[in-house]
Each structure stands twice: as structure tokens, then as C-alpha cells.
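Each remark here refers to the structure printed beneath this line.
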Amino acid sequence: MNVGVAHSEVNPNTRVMNSRGMWLTYALGVGMLHIVLLSIPFFSVPVAWTLTNVIHNLGMYVFLHAVKGTPFETPDQGKARLLTHWEQLDYGVQFTSSRKFFTISPIILYFLASFYTKYDPTHFIFNTASLLTVLIPKLPQLHGVRIFGINKY
Amino acid sequence: MERPERVAAALGAQPRANGCSGAAHGALRNGYVRGLPAPDTQINHIVHNGGLYKRPFNEDFEETPMLVAVLTYVGYGVLTLFGYLRDFMRQWKIEKCQNATEREEQKDFVPLYQDFENFYNRNLYMRIRDSWNRPICSVPGAKVDMMERISHDYNWTFTYTGRVIKDIINMGSYNYLGFAQNAGTCQEAAAKVLSQYGAGVCSTRQEMGNLDKHEELEKLVARFLGVESAMAYGMGFATNSMNIPALVGKGCLILSDELNHASLVLGARLSGATIRIFKHNNMQSLEKLLKDAIVHGQPRTRRPWKKILILVEGIYSMEGSIVRLPEVIALKKKYKSYLYLDEAHSIGALGPTGRGVVEYFGLSPEDVDVMMGTFTKSFGAAGGYIGGKKELIDYLRTYSHSAVYATSLSPPVVEQIITSMKCIMGEDGTTVGKARVQQLAENTRYFRRRLKEMGFIIYGNEDSPVVPLMLYMPAKIGAFGREMLKRNIGVVVVGFPATPIIESRARFCLSAAHTKEMLDTALKEINEVGDLLQLKYSRHHLVPLLDRPFDETTYEETED
């Protein structure tokens, strides 16, 4: 047991996304990213939106679906060591509110990006590809699945 | 039995800001109760007219302000990004890695440890590590001496300057009744016993380690608690973790509070029983679990549970909340389950004569099946005890793992406990014990009220000597600890993952040894640091109590 810990929560990572203000912070973070990209004079509005979408999805993929385990030691004998953060959320229970929120937010960003890029074909390809990289790992059928053994250990 | 349900349901309906403030504190009700007080008014009358609670139960957990929560996440986010950057630099040898690493020859082997599990330790904990594990060099009473240490490489290594910081006001020790002394009657008695019995027993209770001192102690503890019989063990943690497996096993159900201590959780897991967790101090959650357990039985076989044991603590040391014991006992009786009460922090600290949380609520000790406690906090000693019916304790004498395998208490420690317990009970012929208990109660009320007036967010019950002051942001954890040390006050700060991510706190433990001058000095410094670090988040703005000025001869609303 982690002596000195004030609760009997085995893996605090499971509850982080449910805590108060996390969704708001996430939305503000995406907004901040977008504003920074819009302020760069070389990027037109469509490019800024596509970049927001792509960078957001890249960040989400890395932090939710690539990094495994917990940044602190947990007393669960390593059950969560091979799980990504997405798989750890709520101890693997599917369709909780955090999961729904983080599934819907890249979709909303995708709609906005498609609108602001005026459905241009090149932008469409980038946006859709990046959306798929972030939506497919969230499917419940892919819980714990590692394609071609990538990122298994 | 409709009334307790109504009280329980109404009180449990707002689990966070449930102030069932007494009618006497009419002006302060808005400070404790969130939302409209109208529906609660009726409940207060029920409570006071011979309901479950004989005294007002004021517990307050103000919610984190949204701006503060957002800034806290931003803080952790920035720290995480910088952590990744520093790890990258360490990996590519741009920066020297000061953490322990595997040898070059073993780099191709399967790694023994996962680097990522140490991420928090390397990048967050190391930066503020100087607020913990501070070396002290005197008895940790109301004031303590500390060895000064500085670090030239951002807390990776420490060097001692050789200077000793003297007379730091100690707000971190669990010294509730001030028995952490190296002079006085307890110390003299313990020294005499040391020369008579020696330092160790070198055996377990069941073999050669059962001294007459242990029997004397156990009779005294039983008398102190008001139970039939008691048994004492050498270590408080081991009391929980070794005795719960002796009481429950497979086929039993344990209902444990969310914030129970590691020893209770370990004991519950070792026992092999099914564990279900109810929300902290939330009686609705507990009742729902009890109902489900009795209606559905064991998971697959649907057989009835052999035993249902409810594990609660008297005072929860991280939150400062007191268990809702009257409601728990009402539920226990209704659903015919057993209650295990861990009074580690509340024995000696609550109640008009220091008998603990059972006396605080005016209940009978016979209602609690297993009363467990420790001697570490209020008695200035070490060890734990379990009290209850004679059959239970006789069973534990035979079957407890501690009794069979662990060494029994050391004789001078036993004498310290006996002397301090007699002092609290008044059997040594003085009123010192009673004075200490009352001093602690006054200190608690005074300190909490002043902190709330200053505008800090303080968690917990009004009467609990554990006072968590919310800091929230990771940088403020380190800053608070360091600033308080600069001003000669020692505090304990806690952050994630020991607490929820947005609820880092500083925890003050009040003591009967603190004089009013010490408390005033501490409050002044906390006020300064609070202004400096902008810690005054509270939006309740309590109206100050219009009571008599606090001085040694008048007592402020003490238990009577």
C-alpha cells in the first residue's frame, strides 16, 4: 500500500478526467492552441483550423493512447502498467461520461475545421485521417488491442 | 424507525456541504449550509428534539472554485510538459541524470523497473522534496528543533549546514494531548520501568512475552473505553492489518469508507473478504450498499453473507471529518451488521473526558462491536489496542496474527501508556488530564474559527483537531512549506497522488501543548503567507462569532 495516501483509490489516473474543472480546462486549452495558431501571420484561417485539429488529435493520441501506465507507483501490482490512459479510465468501464466527452470533442473540432476550410479536398484528407487516428482507438472493441504488437510492452 | 431514515436521507442528500448547524448558530447557517436553508430548518428541529444527534454536527467541505481548479490543471500540465522535456534531455545526455539508473552492461536486459512509474517522483516530487523528511533533533512537542539543510542541486542531494533551527512551532505532530514530552511523570515512570524490566520483551504474547504490565494495561484500557475487555499490540498499523483477517474471511462482506487508512485497506484485502466501498461519510451510500448486500447476497451463489463488517474511522486524518457515528450505529442495528471503529486519531482527542468519538456523540460503547485505536497519537507512545466483548477479545488472543507472531509491547512504552491514560482519566490525583482535553477542544475551536475568518478554505468538522487548509496548486504546496519554515513554523503539506488531484492541502494538527500565544503567532504567520501566496479562496465570508474574548479561565462552548 502507498502509506500516507489519503484514500483507498487504487489508481488515481482512473478518476482524473472526472474531476471538477478538467473538461473546462481541456476546452480552454484547445481554444488557447487555436488562438496561438491564428495569431501566426503566415497561416490562413483554413490552415490554422486544420493545424489545430491535427495538433489536438496528435496530442490526444500521444497522451491518451500511446503512453502506458501511470506516472506514479500504484498498489495494484502493475495491472495498469500495460494499459493506456484511455483504457485505464474508470477502470475499463465503457461509455462513461468522460469517455463520451473525449470522443465527441474531436468530432466537434472536425466539424468546425471542415466548415472553416470550406471542405477543400486536401484539408479534408488531413483532417479525416487525423480524426480516424483518434477515434478508432476509442472504440470499445479495441480495448486492450495492440495492432501488429506495436506498443505492447 | 422512520425518523433516522429521514434524518439520514436528508443529511446524506448533500454529501459535500452538509451543515446540520444548530439553531444556536443562526447567523452562521449561511456560512455552513449551501443553498436554501429552508428545507433544512425542519431537520434541525428534529435533530435537536431527541433525534440521533445530541449536539450540532458542523462539517464543511467547500467546493473548489472553478478558476482555481483550472489553474491547478494548467499547473500540472506545465509541470508534465517540462517533465517530458527534462526526461528527453536526460535521455540524450544533454542533462546529467541524477536518478539511479541501471548499469551500462545491463541496458539490453529486460528492465527491472518502468521509467514512467517514476515520472512523478523525478519531476514533481523532487522539486519540492525539502518540505518532507525534515530531520528533527529534539522531542516533537509543541516546539521542535530542526537541522537546517540546503540543497545546491535542486533537492537531489542535501547538505547540512550544521545549524540547528530552534523552537519551531510544531503544527505537524499528532501530539493531541501534548504527551510527547521528555520530562514529567510519564517519563519518570517509564524510566523506572525501563530499569526494572528492560527495553524489550523478545517474544510474542503467546510465548514468553506476556508481562504483568501488559495485563495491567489491558485492564486499564478496557476501563478507559468502557468495554468488557481489551488487548494491546505493539504496532498500530499491525493492529488493523493483522486483526481484520482474524475477524472476517471468505464469504464475508466488508463495507469500507472511501478514505480509510492504508492499514484498514490492507487488513481488508488480507482477509479475503469481498470489499465494497461507500462514499466518504455518506450514509445514503452505506445504506444502499447494505440493502443491496442483504437482498442480493454473495455475487454468484446468492447465498447470504456470513458477516457484514462496516469499517469506519473516528477522525479521518486527511479530511478532518468525524464519522457520523449515530447514523452508522442506527444502520448497523437495522441491518444486523457489525461495526469496526478505528479511533486512531479520535481517542483522547474527542469527548469531554477524552474517551473518543463514542463519548463525543454520547453513545454507548456497547453499540460498537470492535473498538480499535492507537496509542501513538494522544498517548505519546506506540502501539494499538482492540476493545470489545470478552468473547471477542478472548478469540483474538488465540487467533490474532499479532498475538502469535509479533513481539508484544515494550515495557517502558506500556508504562508511558498507563501513566498517560491514568492522567487523562484523572486517576493520578490531578486534573491535568481533564485540563489537557479541554485545552485541546478550545484550541481546536479557536484555531478553526480564526482560519475561517481569515478566508481560507478549511475542510472538516468544527471539533476535529486535524485542520486541513486547502492549497490546490502544486507550486503552492512547496511554497507554503518553505515559507512557513522560514517563519519558524513546521507544517505538513500533501499533494497528488496522496490526495485527489485538485485538493492538495496543508494539514495542521493541534495540540493541547500549544498555548494561545503559539497559536496566535502561527495564525499571524499563516495570515501573512496566505496573503503572499493568495490562498484565501473561501467565498463564504463567515460573520465572526460574537462571543466572549478567549482567555485561560473562560471556556468557549466546551462539551458539557
Side-chain angles (χ1 to χ4, degrees), chain A residues 1-33 36 55-56 58-60 62-64 66-85 88-91 98 151-153, chain B residues 63-74 76-77 80 83-84 110-111 113-125 132 237 241 256-269 275 277 280 311 316-319 468 492 494 496-503 505 507:
Chain A
M1 287 307 300
N2 275 344
V3 192
V5 170
H7 50 80
S8 49
E9 181 70 65
V10 165
N11 186 359
N13 246 0
T14 54
R15 296 250 218 112
V16 157
M17 293 298 174
N18 297 339
S19 7
R20 182 179 154 85
M22 178 57 99
W23 294 4
L24 178 63
T25 313
Y26 163 78
L28 287 176
V30 174
M32 183 64 63
L33 167 71
V36 165
I55 293 177
H56 162 265
L58 194 63
M60 183 179 254
V62 167
F63 285 109
L64 285 186
V67 168
K68 295 195 302 290
T70 52
F72 33 77
E73 283 181 18
T74 48
D76 63 349
Q77 289 104 36
K79 282 198 192 104
R81 259 182 223 147
L82 296 178
L83 296 178
T84 61
H85 192 187
Q88 285 171 36
L89 281 184
D90 296 318
Y91 292 106
S98 282
N151 209 17
K152 192 164 182 197
Y153 294 117
Chain B
E63 227 180 5
T64 316
M66 190 53 98
L67 174 65
V68 172
V70 170
L71 288 175
T72 311
Y73 291 126
V74 170
Y76 277 111
T80 312
Y84 277 116
V110 174
Y113 303 101
Q114 210 192 29
D115 286 344
F116 191 52
E117 271 190 357
N118 215 14
F119 183 88
Y120 178 82
N121 196 27
R122 280 198 297 275
N123 297 311
L124 274 78
Y125 178 69
W132 292 286
F237 188 104
S241 51
S256 151
D257 189 291
E258 205 178 13
L259 301 179
N260 267 342
H261 189 252
S263 55
L264 288 165
V265 179
L266 181 62
R269 286 188 179 184
I275 307 174
I277 297 179
H280 176 57
L311 291 183
Y316 291 90
S317 65
M318 246 349 138
E319 301 276 307
V492 171
V494 223
F496 184 70
T499 58
I501 189 167
I502 44 167
E503 289 176 17
R505 57 200 75 178
R507 187 184 62 181

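Each chain gets a letter, A, B and so on, in the order its sequence line appears, and its residues count up from 1.
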*Specify which of A/Tyr26, A/Tyr153, A/Phe63 makes the most heavy-atom pairs with chain B at under 4.5 Å.*
A/Phe63

_Leading residue by heavy atom contact count with chain B [cutoff under 4.5 Å; candidates A/Thr25, A/Leu28, A/Val16, A/Leu24]_ = A/Thr25

[X], part contacting chain A, at a heavy-atom distance under 4.5 Å:
X	answer
B/Tyr76	neither
B/Pro65	backbone
B/Tyr125	neither
B/Asp257	backbone

*Under 4.5 Å heavy-atom distance to chain B, tell me which part of A/Arg81 shows up: side chain, backbone, both or neither.*
both

_Out of B/Thr64, B/Ile502, B/Asn121, return the one with the most heavy atom pairs under 4.5 angstrom to chain A._
B/Thr64

*Verdict with reasoning, A/Lys79 to A/Val10, per side-chain contact (heavy atoms from CB on, under 4.5 Å)*: CA-CA 10 Å; A/Lys79 282 198 192 104; A/Val10 165; over 6 Å; no

*asked:* Please determine whether side-chain contact (heavy atoms from CB on, under 4.5 Å) holds for the pair B/Phe119 and A/Val67, giving the CA-CA distance in whole Å, both sets of side-chain angles, and the decisive distance to 0.1 Å.
replied: CA-CA 12 Å; B/Phe119 183 88; A/Val67 168; over 6 Å; no

*asked:* What I'd like to find out is whether the side chain of B/Arg507 reaches to under 4.5 Å of the side chain of B/Thr499, using heavy atoms alone.
replied: no

_B/Thr72 side, atom OG1; B/Glu503 side, atom CD - distance, nearest 0.5 Å_ = 10.0 Å

*Given the rule in the side-chain contact (heavy atoms from CB on, under 4.5 Å) test, do B/His261 and B/Phe237 qualify, once you have shown the distances and angles that lead to the verdict?*
CA-CA 9 Å; B/His261 189 252; B/Phe237 188 104; 4.2 Å; yes

*Closest non-hydrogen atom pair between A/Pro71 and A/Asn13, with its separation*: CD-ND2, 4.0 Å

